[in-house]
Amino acid sequence: MRILLIIGGALLGLGVGMGSLGLFAAAVGAFLGFVLAELLAARQRIDALEREIRALRPPPPPPPPRTAAGGPPPPKAPAL
């Protein structure tokens, strides 16, 4: 994938550059393709790390029980 983006950037730069600037434009295009490939690779690594962290987190606690009226449960009487 990275190589394809670098080659594509070089070809695009070569197509844009005219005359003596063609080789320089191809180099700039290849560099921009490389930068884009690295950004995409970094994004994929970050997404994978986020999935791993999400898998390691404990599940959230269950919600407290509700009464028929929908309010909070009544307080419990203290034990004697």
Side-chain angles (χ1 to χ4, degrees):
M1 173 86 175
R2 291 179 186 177
I3 298 296
L4 292 176
L5 285 173
I6 293 171
I7 292 172
L11 291 176
L12 184 65
L14 191 60
V16 171
M18 301 273 182
S20 63
L21 293 177
L23 186 59
F24 177 71
V28 170
F31 176 72
L32 291 177
F34 173 74
V35 168
L36 180 63
E38 288 298 314
L39 287 174
L40 291 174
R43 182 179 173 128
Q44 289 175 350
R45 284 185 291 233
I46 289 171
D47 288 341
L49 287 172
E50 285 178 351
R51 283 192 301 271
E52 287 180 24
I53 289 172
R54 213 175 300 127
L56 291 174
R57 284 188 183 146
R66 297 220 169 238
T67 61
K76 295 183 179 178
L80 297 177

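Atom CG of L49 has more than 12 neighbouring heavy atoms from other residues, nucleotides or ligands inside a 6.0 Å radius.
Every residue two or more places apart in sequence or in another chain that forms a side chain to side chain contact (heavy atoms under 4.5 Å, CB included) with A26 is listed here: L14. Under the rule for a side-chain hydrogen bond (donor to acceptor under 3.5 Å, both in side chains), Q44 has no partner lying at least two apart in sequence or in another chain. With sequence neighbours excluded, the residues satisfying side chain to side chain contact (heavy atoms under 4.5 Å, CB included) with L11 are I7.
Identified under the side chain to side chain donor-acceptor pair (under 3.5 Å) test for residues 23-32, with sequence neighbours left out: none. For residues 17-43, every residue pair satisfying the salt bridge (charged side-chain N to carboxylate O under 4.0 Å, His left out) rule, not counting sequence neighbours, is listed here: R2-E38. Listed by first and then second residue, the salt bridge (charged side-chain N to carboxylate O under 4.0 Å, His left out) pairs involving residues 44-56 amount to none (not counting sequence neighbours).
Distance check, rounded to the nearest 0.5 Å: CZ of F34 to CG of L39 gives 10.0 Å. Interatomic distance, CG of L5 versus CG of L40, reported as 6.5 Å (0.5 Å rounding).
Contact between G13 and A25 at its shortest, heavy atoms only, is O-CB, 3.1 Å.
Hydrophobic cluster membership differs between L21 and F31, with clusters built from Ile, Leu, Val, Met, Phe, Trp and Tyr side chains linked at under 4.5 angstrom.
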